[in-house]
2 protein chains.
Amino acid sequence: MNLRQQKALQTKRKISKVALELFNKKGFSNVTVDEIIEKTGTSKGAFYNHFKSKHDIFLEKFKEIDNFYVDELLPKLDPQESAKEKLKKFFFMQMIYIEKDLGWDVIRTIYENELNTERESFFLIPDRPLYQILYSLCVDGQKKGEFREDLTPEQMVTIFTRMIRGILYDWSINKGEFSLKGEQEALFDVVIRGLMK
Amino acid sequence: MNLRQQKALQTKRKISKVALELFNKKGFSNVTVDEIIEKTGTSKGAFYNHFKSKHDIFLEKFKEIDNFYVDELLPKLDPQESAKEKLKKFFFMQMIYIEKDLGWDVIRTIYENELNTERESFFLIPDRPLYQILYSLCVDGQKKGEFREDLTPEQMVTIFTRMIRGILYDWSINKGEFSLKGEQEALFDVVIRGLMK
DNA sequence: TTGACAAATAGACTATAGTCTGAGAAATTA
DNA sequence: TAATTTCTCAGACTATAGTCTATTTGTCAA
């Protein structure tokens with residue numbers, strides 16, 4: 001990495017850091033891009049060179065969630081356990097992470113942004129690690145004879161995905177006012193019951 | 001209703017009609033408020049006197065959905081049938097209505113708007129007819145001994161609500177590219193299975 | 001070393017949702 | 001009917017996300 005790239009990265013990091021702090025303190029919609037560039041001593045040009053939009057800063061943070069799944073969460077699952085148990089734990093830890101580390105304003109912002117027609121959706125990238133993990137767990141469950149066989153693993157993943165979308169959306173409009181991990185568990189129990197043999 | 005109220009209502013209707021036509025033709029985000037007021041020969045003042053926001057026009061249309069549930073949909077349910085069957089039909093008809101009469105852009109816009117912190121959410125009004133209908137169907141199902149009894153009807157309604165949120169959100173980001181009624185049916189079958197005894 | 005090139009940035013400018021103020025007309029009151 | 005209040009609307013104005021163009025500065029090849 002040469003000097004120019006280093007400087008650019010430094011600018012990007014500075015913007016990202018300050019912006020996330022501000023979002024955290026005041027909420028996403030109460031922070032303006034002008035404020036961010038003023039606080040970082042940069043400019044519109046710098047800002048939009050590094051980020052596609054104001055939302056985009058959050059998206060970068062949100063994308064880390066997939067690293068979290070792969071690096072932190074997956075290794076904690078015991079291969080010996082039933083698929084049901086693994087899925088349960090997976091979702092449970094996911095919710096704790098979202099509740100603690102991300103927070104409802106991040107989720108709200110991401111979910112809002114994904115509804116914008118203009119840009120392509122992050123949620124629709126088919127090879128997101130999240131989907132791959134869920135897929136392999138569903139296949140595992142079918143192999144072990146736990147899950148119904150009249151549904152394809154793809155269909156099951158879709159069902160789980162929509163379950164998560166539903167609860168996170170609901171959590172967002174409720175401004176994080178209910179326990180995500182508790183409510184998710186209740187919903188999961190119902191869905192998994194519907195998917196077992 | 002006096003003359004002034006009549007005129008005002010006329011203005012409101014004109015704005016609403018033209019706006020919805022434009023949204024329908026060009027998509028919500030490709031229509032500007034300036035265009036609407038120009039086409040209707042009105043003004044910003046008139047527009048924002050009648051609607052809280054550009055989104056709000058859609059919300060009015062969307063609120064009709066609850067009338068639809070009560071007036072059109074509910075009477076078609078045979079009280080003799082099982083609660084499961086009634087719920088299934090209810091959701092089925094709901095999806096057809098949404099798919100045909102509202103369309104994904106309306107849903108997308110509503111769902112996006114509901115994520116705005118500023119205004120109070122329509123989804124969170126606890127006595128929406130939709131929730132009341134679902135509630136009574138869940139109570140019915142428990143009375144008839146079809147459904148689990150370790151969950152309260154409220155909890156079941158919440159689960160159904162999140163199921164719907166999940167699939168409609170997903171449908172929106174997919175720009176209406178999958179069959180709502182088909183996919184909803186598949187999801188419902190899983191969820192109801194998890195709720196039955 | 002120098003000149004061409006490309007990347008990064010500054011900041012003016014644009015587009016557009018939404019606010020604010022005032023004016024005129026209708027309703028209400030005396 | 002005259003005075004007063006209130007509702008509806010017009011349109012100028014504001015706030016803010018995002019675009020565009022010019023400038024600077026580092027890079028690289030000859």
Side-chain angles (χ1 to χ4, degrees), chain A residues 1-20 22-23 26-60 105 108-110 112-120, chain B residues 1-20 22-23 26-60 105 108-110 112-120:
Chain A
M1 185 154 56
N2 62 34
L3 180 60
R4 186 143 82 178
Q5 287 170 316
Q6 274 175 39
K7 275 192 179 175
L9 190 63
Q10 218 176 320
T11 307
K12 180 169 183 175
R13 289 238 176 87
K14 188 162 57 177
I15 291 173
S16 178
K17 183 168 170 284
V18 170
L20 288 170
L22 285 169
F23 293 158
K26 308 167 61 173
F28 179 78
S29 46
N30 299 315
V31 179
T32 66
V33 175
D34 283 338
E35 188 180 355
I36 296 166
I37 63 177
E38 191 249 302
K39 284 250 164 69
T40 50
T42 58
S43 67
K44 278 280 170 74
F47 187 95
Y48 284 99
N49 184 42
H50 291 297
F51 301 99
K52 283 205 289 284
S53 70
K54 194 180 140 193
H55 279 105
D56 198 39
I57 298 184
F58 261 4
L59 190 58
E60 293 233 333
D105 197 44
R108 209 204 88 238
T109 307
I110 298 297
E112 190 186 349
N113 184 233
E114 291 286 311
L115 286 172
N116 266 251
T117 340
E118 326 303 335
R119 355 193 152 274
E120 76 293 0
Chain B
M1 184 152 59
N2 62 35
L3 180 61
R4 190 146 77 177
Q5 288 171 315
Q6 275 175 37
K7 276 192 179 172
L9 190 62
Q10 218 176 321
T11 307
K12 180 169 182 174
R13 289 237 177 86
K14 187 161 59 177
I15 290 172
S16 178
K17 182 168 171 284
V18 170
L20 287 170
L22 285 170
F23 292 158
K26 307 167 61 172
F28 180 77
S29 47
N30 299 317
V31 179
T32 66
V33 175
D34 283 337
E35 186 179 356
I36 295 167
I37 63 177
E38 190 249 303
K39 284 250 163 72
T40 50
T42 59
S43 68
K44 279 279 170 75
F47 186 96
Y48 284 98
N49 185 42
H50 292 296
F51 301 98
K52 284 205 290 282
S53 69
K54 194 180 140 193
H55 280 105
D56 199 40
I57 298 184
F58 262 4
L59 189 58
E60 293 233 332
D105 198 42
R108 208 203 88 238
T109 307
I110 299 297
E112 189 185 350
N113 185 233
E114 291 286 311
L115 286 172
N116 264 251
T117 341
E118 327 302 337
R119 357 195 151 272
E120 76 294 1

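Order of the sequence lines sets the chain letters (A, B, ...), proteins ahead of strands, with each chain counted from 1.
The nearest heavy atom of DNA chain D to A/G45 and to A/T32 marks one nucleotide each, and the one closer to the 5' end goes with A/T32. Heavy-atom distances to DNA chain C give each of B/V33 and B/K7 a nearest nucleotide, and the one nearer the 5′ end belongs to B/V33. Comparing B/H55 and A/Q5, the nucleotide of DNA chain C nearest to each residue sits closer to the 5' end for A/Q5.
Using a 4.5 Å heavy-atom cutoff, the side chains of A/L9 and A/M1 are in contact. Counting heavy atoms from C-beta outward, B/I15 and B/K12 have side chains that stay 4.5 Å or more apart.
Residues A/K54 and A/V31 share a closest heavy-atom pair of NZ-O, 2.7 Å. The two residues B/D56 and B/H50 make their nearest non-hydrogen contact at OD2-O, 4.5 Å.
Counting 5' to 3', DNA chain C first comes under 4.0 angstrom of a heavy atom of chain B and last does so at the ends given by C/dT16 to C/dA27.
Classification of the B/F23-B/F28 ring pair by plane angle, with boundaries at 30° and 60°, yields tilted.
For the side-chain contact (heavy atoms from CB on, under 4.5 Å) test with B/F47, the passing option among B/D34, B/T11, B/V33 is B/V33; the others fail.
Residue A/N49 is classed as a base contact, given a heavy-atom separation below 4.0 Å to a base. Within 4.0 Å (heavy atoms only), B/K54 reaches sugar-phosphate atoms of the nucleic acid but no base atom.
For A/R4 against D/dT25, a side-chain N or O and a base N or O form a donor-acceptor pair under 3.5 Å.
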